[in-house]
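Below you'll find the structure, written out as structure tokens, and then a few comments.
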Amino acid sequence: APPPQPDARAVAPALAPAAQASATPGSSSCNADLQCAAKQLCVRGQCADLSSGLAECSSMRVHFDLNAAEVHPDDHANLDRMARCLRADQALRVTIEGNADERGTEEYGLALGQRRAQSIDKYLQSMGVSEAQLMTMSYGKENPVCRAHEEVCWEENRRAALKAKEQARRGGGTSSL
């Protein structure tokens, strides 16, 4: 099989306008997140404060090989970035939605999607993210992003989608996530 295309790996969203405002004038220039403070990310060469408006902390996709649930080393940098966001903001919660392509039975697709979501969950916890911030679920083959019946679409549908949601910061309540 040909090697996966770089654009078929984790997809990082574009910087939201609200996030542009979080990069303060005169902030440090950077080439990597580790060059910024603990509650900052390197965004377009500048250290930006982590905030609810920062698109880099809101969603991402991780793609998988056929019938596999292992996280590719190519995806570690983006998952490390998501872990940094979650460690910096304990109110941030992530739903990890496991998906499969259309091939195979419905039961197999649901089980594979769950294994994929749990694989991402385990990785994020290994990076210091609290279990309370993570929820996994599987859509199996029922939530395709591409509907054509060809390999290029199947590759897009073999994924886990991470979707962040900031919880209310009022005292006392617990999240159902």
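Values below: all heavy atoms of this structure, side chains included; hydrogens, waters and symmetry mates excluded. Numbers here are sequence positions counted from 1. From a predicted model like this one, the values you see are computed outputs, not experimental measurements.
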Side chain to side chain contact (heavy atoms under 4.5 Å, CB included) evaluation trace for V94 with M135: CA-CA 6 Å; V94 171; M135 182 180 90; over 6 Å; no
For K163, all residues meeting side-chain contact (heavy atoms from CB on, under 4.5 Å), sequence neighbours excluded: E97, A161
If you measure from CE on M60 to CG on L162, what distance do you get to the nearest 0.5 Å? 6.0 Å
Test disulfide (SG to SG under 2.5 Å) on C30 and C47 and set out the steps. CA-CA 6 Å; C30 57; C47 292; 4.0 Å; no
Of all residues at least two apart in sequence or in a different chain, which pass the ring-ring contact (aromatic ring centres under 6.0 Å, His included) check with Y123? H76
Quick one: does D80's side chain get under 4.5 Å of M127's, heavy atoms only? yes
Contact between M137 and L110 at the side-chain level, heavy atoms closer than 4.5 Å - yes or no? no
Exercise: identify the closest heavy-atom pair between G109 and S138: O-OG, 4.0 Å
Would you kindly say whether H149 and E102 are connected by a side-chain donor-acceptor distance under 3.5 Å? yes
Just grab all the salt bridge (charged side-chain N to carboxylate O under 4.0 Å, His left out) pairs involving residues 32-43, residues at least two apart or on different chains. D33-R81
Remaining members of hydrophobic cluster (4.5 Å side-chain criterion), L112: Y108
Between R103 and A100 (side chain of the first, backbone of the second, donor and acceptor by atom type, cut-off under 3.5 Å), is there such a pair? no
Derivation and outcome, side chain to side chain contact (heavy atoms under 4.5 Å, CB included), residues V152 and W154: CA-CA 6 Å; V152 119; W154 296 332; over 6 Å; no
Is R87 close to R84 at the side-chain level, that is, under 4.5 Å between some pair of heavy atoms? yes
For C36, does its backbone N or O pair with a side-chain atom of Q40 as donor and acceptor, under 3.5 Å? no
Test C85 against C57 for disulfide (SG to SG under 2.5 Å), laying out the working first. CA-CA 6 Å; C85 292; C57 296; 1.9 Å; yes
Do L66 and D101 come within less than 4.5 Å of each other through their side chains, counting heavy atoms only? yes
What pairs meet the salt bridge (charged side-chain N to carboxylate O under 4.0 Å, His left out) rule with one or both residues in residues 133-150, with sequence neighbours excluded? none
With a 4.5 Å heavy-atom cut-off, do H63 and E156 have their side chains touching? yes
To the nearest 0.5 Å, how far apart are CD in Q133 and CE in M82? 11.0 Å
Among R158, H72, E70, which one satisfies side-chain contact (heavy atoms from CB on, under 4.5 Å) with D65? H72
Is it true that a side-chain atom of R159 and a backbone atom of N157 form a donor plus acceptor pair closer than 3.5 Å? yes
Result of checking D89, L41, L86, L92 against L50 for side-chain contact (heavy atoms from CB on, under 4.5 Å): L41
Could you tell me whether the side chain of D75 reaches within less than 4.5 Å of the side chain of I120, counting heavy atoms only? no
Donor-acceptor contact present, side-chain N143 to main-chain N99, <3.5 Å: no
S29 and Q46, any side-chain heavy atoms less than 4.5 Å apart: yes
Any side-chain heavy atom of V129 sitting closer than 4.5 Å to one from L134? yes
Pairwise side chain to side chain donor-acceptor pair (under 3.5 Å) hits with a residue in residues 110-119, at least two apart: Q114-T136
